[in-house]
Amino acid sequence: MENTNKKEINALFGIDLRSLAFLRILLAVLIIIDIISRLGIVSAFYSDDGIVPRTQFFNQNSNAWNISIFAIHGRPSIILVLLIIEIFFALALAFGYRTRLVTFISWILLTSLHVRCSFINDSGDYLLSLLLFWGMFLPLGAKYSIDNALNTSDKIFSSVYFSLSSIAIYIQIISVYLFTSFALKQDVKWLGGEAILSLATSVQDGTPLSTYLATHLPISYLKLITHSVRWLALLSPLFLLPLIFTSQVRLFSIGVYTLLNLCLIVFFDSGFLPWVNIAALFILLPERFWDSFTKKLKTPVEAFRETPLQIKIYFDGMCGFCKKMVLIIRTFFLIPETQILPAQDDLKVYEVMQKENSWVVMDHTGKLHTKYTAFLILCENSPVLYYLLPFFRFGPIVQYGTMIYEKIASNRFLGSRIISSLKFRKINIEQNDCEKIFIVIFMIFIIFSNVENIYGKYKIPDNLKSLGTLLNIEQPWYKSAPISTKDRNIKWYLVQGIFNDGKEYNLLRYKEKISWRKPDFLSTYYKNRFWKNYFEDSLNISLYPGYDINAFNYTAYACKNWNKSEKQKSKLEFVKVFLVNEDVSSEYGINKTLKWEQNCSAIKL
Amino acid sequence: MESQAIRLLIIITIVFTVYIWRSLKNKDSKAEELFGFDLRSLALFRIVVAFVILADLLNRFPDLNIFYNDTGLMPRSLAVNYIHIWSYSIHFISGRVEIQAILFLLAAIFAFLLLIGYRTKLMTFLSWFFLISLEHRDALALDGGDFELRLLLFWGMLLPLGACFSIDSLMNKSKEELPKRFFSMGSAAYCLQFAFIYWFSIILKLRNETWRDGTAVYYAITNVSLETYFSKLVFELPMDVLHFMTNSVIAFESLGPLLFFIPVFNGPIRTISVIGYVFMHICFGICIDLEIFHLVSSAAALHFLPSWFWEKIDLLLSNFFSNFLIKDKRVSTINLKSSLLSNVLATYFLFSVLAINLWSVDPKKYDFPRPFMYLISFLSIDQMWGMYTAPGGWSSGWPVSVGKLKDGSEIDIFRNGQSVKWDKPEIGSEMYKNRNWRRYILSVIADPTYQPNLPYYAGNLCREWNNTHKGDKELQEFDIYFMKWDPKPNHKFVRPEKSFVWKQYCFYSQRSVDEILNEVVKKSEGNAITAVIDLYSNASLFIYQQKYSEAEILYKKALELLGVEYGANDVRLTQILTAIEAIQRLQGRNEEANNTNTRIKNLVDESKSQEKTN
């Protein structure tokens with residue numbers, strides 16, 4: 001009885017190691033995409049030349065528990081170098097090299113980036129860093145990784161991983177939906193069913209597609225969608241942690257929730273959150289799915305073959321570099337059944353190896369292949385690379401491939417020096433008690449943090465809160481996601497730049513004349529999501545009445561940025577930042593207030 | 001004369017580099033002996049330098065709360081303005097004292113691992129990284145010792161510091177016997193770097209008359225803030241002896257570095273020279289409170305201890321260390337071949353060092369391309385060897401404070417609440433807790449670039465005093481004076497020059513603006529500076545209370561008084577104007593603020609052009 005209970009809990013809260021590997025790769029891809037999208041805003045938001053110079057950042061974060069590595073330098077070029085380092089770590093994460101350490105470093109670098117300029121992030125960014133945070137306690141690198149290829153531990157672990165941290169990451173993923181739905185409950189429009197219509201046609205969150213659909217679909221459809229979205233969010237614990245038919249229901253709910261997030265991406269200007277949500281959903285992929293998937297995942301060659309896979313790879317037993325390479329190839333070509341043997345074991349093979357100075361692959365018929373053809377045989381048997389075979393067999397590619405192989409074979413010692421940092425290590429997926437205690441604390445923290453965000457009256461004690469700040473595990477889910485229908489009075493910023501040749505432009509839309517008309521959609525009005533978040537969040541804060549350090553910094557940046565290139569003939573002389581409101585009662589339908597005015601001659605270049 | 005010497009130095013550097021590259025190619029044994037370092041000397045150097053770092057950390061640690069976190073006297077937002085834009089510091093990652101303490105601990109661990117020689121190259125790098133981070137974080141002015149320490153670690157990254165007397169050597173699995181000496185472009189470049197310290201120092205020194213007429217030592221030891229017990233004894237010496245000492249310093253600094261490179265009797269001569277250098281620096285250290293400079297400079301000379309020296313004492317050491325040999329767990333290998341990359345880098349760094357030294361001699365003539373200079377700042381190998389080039393200097397003097405307690409008595413906070421004395425303190429350098437405090441107090445009182453921080457410092461003094469003293473002993477207000485004391489030739493006695501620096505009120509005053517204006521003008525008795533400082537102090541009190549309009553009136557009155565007395569050329573003028581601009585911005589009066597800003601810019605330009613003409 002106990003045993004079956006345990007099994008059920010395992011199935012419910014356990015995560016398949018292959019799902020974790022998939023999550024790892026998706027996280028790495030998201031990090032890389034995120035960082036590449038941030039490369040363009042380095043000097044604006046992350047350097048001393050920009051909108052948040054470090055003096056400003058340090059003032060705002062005075063004595064705070066935040067840590068940001070990006071504060072150590074103020075030049076854009078150095079920040080760029082740090083970002084490129086971050087990309088390299090993300091690549092190492094994708095390949096599962098020293099996974100735990102690399103996850104930790106990626107997490108530190110990512111949170112540092114978020115802390116350095118916090119008002120351009122949206123909740124997706126925070127969810128990504130949270131997933132990395134929980135990833136540190138999960139065996140992300142146990143499958144399909146360099147760690148796995150070079151694993152020396154002879155422990156055989158079950159393919160489903162169950163521990164406190166797997167429970168924690170489930171709670172984390174579900175809380176995004178669940179607590180959002182609690183927030184929706186306090187919103188009249190969501191309860192009444194008008195929310196989707198209101199969001200789809202709004203300037204802030206809508207897109208042309210959503211407006212078109214919302215104005216052409218009957219109201220009753222929109223109400224139905226509104227209610228079903230709210231119920232999907234509310235019932236997420238049932239869908240994602242189903243007590244019966246676990247595997248089947250999970251596969252179904254992965255589909256449904258992915259669709260939900262895809263709709264957010266397609267129809268709304270919803271930032272980064274749905275992308276990260278989709279990535280997170282894939283840890284739900286059940287064991288049964290992976291088992292049948294790997295069974296089906298056979299190359300056509302194999303499918304026709306009656307005997308099971310029988311290929312063997314022989315390597316030079318005297319060369320550690322060769323062994324590592326072969327092990328890594330076996331892992332990433334997804335041919336785990338392949339035998340790997342030192343050539344010295346088989347005299348016949350050894351002779352061939354000596355003669356050809358190459359590795360040897362024995363195919364299922366017992367025929368020996370060397371050099372590039374050996375690689376082609378492996379591709380033929382690999383479920384992933386099989387589809388690239390025509391490319392690899394293309395004439396010039398064969399020539400290049402052979403050449404590259406010979407280069408590698410002749411530079412074995414150089415290769416082994418490079419590869420020497422890839423060491424044989426043991427994978428350990430067990431948690432010690434200390435880790436368990438911390439995980440429980442963090443778990444409690446995220447639940448309370450969510451509750452505090454929804455119901456303001458429950459407060460987390462201050463010292464626990466500082467822990468949350470230090471680790472960046474607070475839970476801000478409805479920042480800039482198209483959820484809240486409150487505060488919908490339409491407003492946008494207009495930055496009037498006056499040049500010395502008398503011309504005037506809106507600096508946000510350069511080369512366009514200033515128009516006070518309401519922009520159709522803010523997603524296309526601002527340059528990208530970071531600028532949109534910046535204008536929506538930061539400029540609303542003012543430290544003292546009448547004095548807005550953020551507005552000053554922005555205008556100072558605008559002056560510097562326009563006037564620093566000497567090629568430009570016309571110089572920027574004045575910058576005025578207007579907050580424009582839609583106001584039906586006034587004469588032109590808008591209401592503008594001057595937030596800040598800056599004379600560029602007062603700004604040092 | 002000077003330009004010829006500089007030309008000679010440039011030629012020497014170029015010829016030397018070519019010669020070293022050729023002898024690296026030809027495996028020239030003479031060059032190897034002269035410009036290579038014995039592995040044991042490097043190990044000794046490593047141990048000494050790790051001790052210096054540890055001592056430095058220990059010295060700084062008690063002030064963690066003062067200089068390294070956001071609630072102290074040097075918050076990050078302030079420090080970042082005082083360092084070069086290409087400088088960096090790992091301590092900027094957080095302003096919490098807890099996290100700073102962790103960073104200190106890490107630095108100490110790395111220094112300890114450097115001491116025992118575990119993964120030495122990595123630890124040298126980390127120690128270097130943490131050292132420059134620390135120095136950039138407190139953002140106080142650097143002296144020669146700081147420059148030299150970071151340079152020693154920097155060049156140490158190119159040398160095998162861990163090949164002897166270390167964990168690395170105990171775990172070395174390669175059976176090949178290590179060569180006695182290490183010779184590469186890195187070691188050769190270090191030789192020249194060592195010589196540059198003295199040669200460029202001499203070039204800068206000889207510009208000053210006191211070094212040419214032989215009175216420089218006399219002036220150097222009379223700097224009050226660096227004074228020790230022994231410096232007073234030296235001060236008493238007859239002038240002729242002091243002349244002789246000055247001239248021998250010049251001789252030793254200009255010819256001394258050459259002693260290491262004499263091709264004959266190299267062993268004994270080198271040993272004696274190293275001892276000579278260490279002796280000289282220890283003498284300096286005894287007579288002038290040079291902080292870590294004498295230790296660091298002594299360590300710098302240890303590289304040159306020849307193999308001859310070690311052969312004499314080898315028997316002793318080998319017996320001692322053989323007891324510690326770990327026979328089975330040898331995992332790492334020590335590689336003593338210098339790679340091409342490291343040699344190319346060493347050459348590049350050598351020329352960078354030459355460039356920055358040339359720049360320090362004449363910034364206008366040797367103005368190298370920007371990116372090249374930025375990289376020098378980024379690597380923190382910038383250096384300036386102009387110590388004691390001018391007599392006295394701005395820091396020669398001592399601060400006195402006159403504090404008024406509630407019961408009416410007057411005390412001096414700088415002397416732990418004793419009654420106010422205006423005479424010179426017994427030993428000048430003992431007024432301060434440690435070198436960081438000395439640097440901070442002196443620069444905040446007497447250095448115009450740090451003076452804007454004076455209100456914070458003074459406010460902090462109030463708080464500290466009143467935390468421990470209650471009732472009648474409560475501090476109401478205090479004035480800070482700086483007693484500047486420039487020595488006159490031939491032991492002539494001079495009176496110190498008393499200047500009023502700051503007035504601090506410890507409690508918000510209940511008086512109105514008009515009352516303050518009347519009172520201040522009456523009290524100052526026509527002395528504009530006293531009135532200005534009093535007004536400024538009162539204004540900053542209003543700022544703390546967020547009464548900006550009142551503060552502005554006081555600032556404007558101060559501006560008026562200053563303008564009458566001193567005209568445009570006063571640092572205080574820009575300070576007050578900046579404060580006024582901030583208030584105007586705060587109240588949203590942008591037009592006025594822009595006008596004030598233009599006025600400041602004009603002032604700065606004016607004083608810059610005046611500097612140029614001077």
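A note on names: the letters A, B, ... follow the listed sequences, proteins ahead of strands, and every chain is numbered from 1. This structure is a prediction, so every number in the text was calculated from the model and none was measured.
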*Interface moiety of Ser112(A) toward chain B, non-hydrogen atoms closer than 4.5 Å*: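 When you check distances to chain B, no heavy atom of Ser112(A) falls under 4.5 Å.
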*Tell me, side chain or backbone of Asn66(A) under 4.5 Å from chain B's heavy atoms, or both, or neither?*
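The backbone, not the side chain.
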Examine whether an atom of [X] lies under 4.5 Å from a heavy atom of chain A, and if so say whether it belongs to the side chain, the backbone or both; otherwise answer neither.
X: Asn81(B); result: side chain
X: Thr598(B); result: neither
X: Ser133(B); result: neither
X: Ile85(B); result: both

Is [Y] close to [X] at the side-chain level, that is, under 4.5 Å between some pair of heavy atoms?
X: Asn61(A); Y: Asp70(B); answer: no
X: His73(A); Y: Trp86(B); answer: yes
X: Ile93(B); Y: Phe70(A); answer: no

*Quick one: which of Ile72(A), Ile69(A), Ile78(A) has the most heavy-atom pairs under 4.5 Å with chain B, could you say?*
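It is Ile72(A).
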*Between Ala71(A), Ser77(A), Ser68(A), Gly74(A), which has the largest tally of heavy atom pairs under 4.5 Å with chain B?*
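Max contact count across the listed options: Ser68(A).
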_Criterion side-chain contact (heavy atoms from CB on, under 4.5 Å) on Arg75(A) and Tyr374(B), from CA distance to verdict_ = CA-CA 11 Å; Arg75(A) 307 309 310 156; Tyr374(B) 285 157; over 6 Å; no
Is the number of heavy atoms from other residues, nucleotides or ligands under 6.0 Å of [X] [atom1] greater than 12?
X: Phe89(A); atom1: CZ; answer: no
X: Phe372(B); atom1: CZ; answer: yes
X: Phe499(A); atom1: CZ; answer: yes
X: Phe88(A); atom1: CZ; answer: no
X: Lys121(B); atom1: NZ; answer: yes
X: Asn467(B); atom1: CG; answer: yes
X: Tyr118(B); atom1: OH; answer: no

*Gap separating the OG atom of Ser77(B) from the CG atom of Asn59(A), nearest 0.5 angstrom*: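 Result: 4.0 Å between the selected atoms.
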*How far does OG1 of Thr55(A) sit from CZ of Arg76(B), to the nearest 0.5 angstrom?*
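One gets 11.5 Å once the value is rounded to the nearest 0.5 Å.
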*Compare every heavy atom of Phe92(B) with every heavy atom of Phe58(A), then report the nearest pair and how far apart it is.*
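Here Phe58(A) and Phe92(B) meet closest at CE2-O, 3.6 Å.
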*Looking at Ala64(A) and Ser94(B), what are the two nearest heavy atoms and their distance?*
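In terms of heavy atoms, the two residues are closest at O-OG, 3.9 Å.
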*Between the main-chain N or O of Asn63(A) and the side-chain N or O of Arg96(B), is there a donor-acceptor pair closer than 3.5 Å?*
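Checked: pair present.
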*Determine, stepwise, if the pair Ile99(B) / Trp65(A) fulfils side-chain contact (heavy atoms from CB on, under 4.5 Å).*
CA-CA 9 Å; Ile99(B) 289 163; Trp65(A) 275 96; 4.1 Å; yes
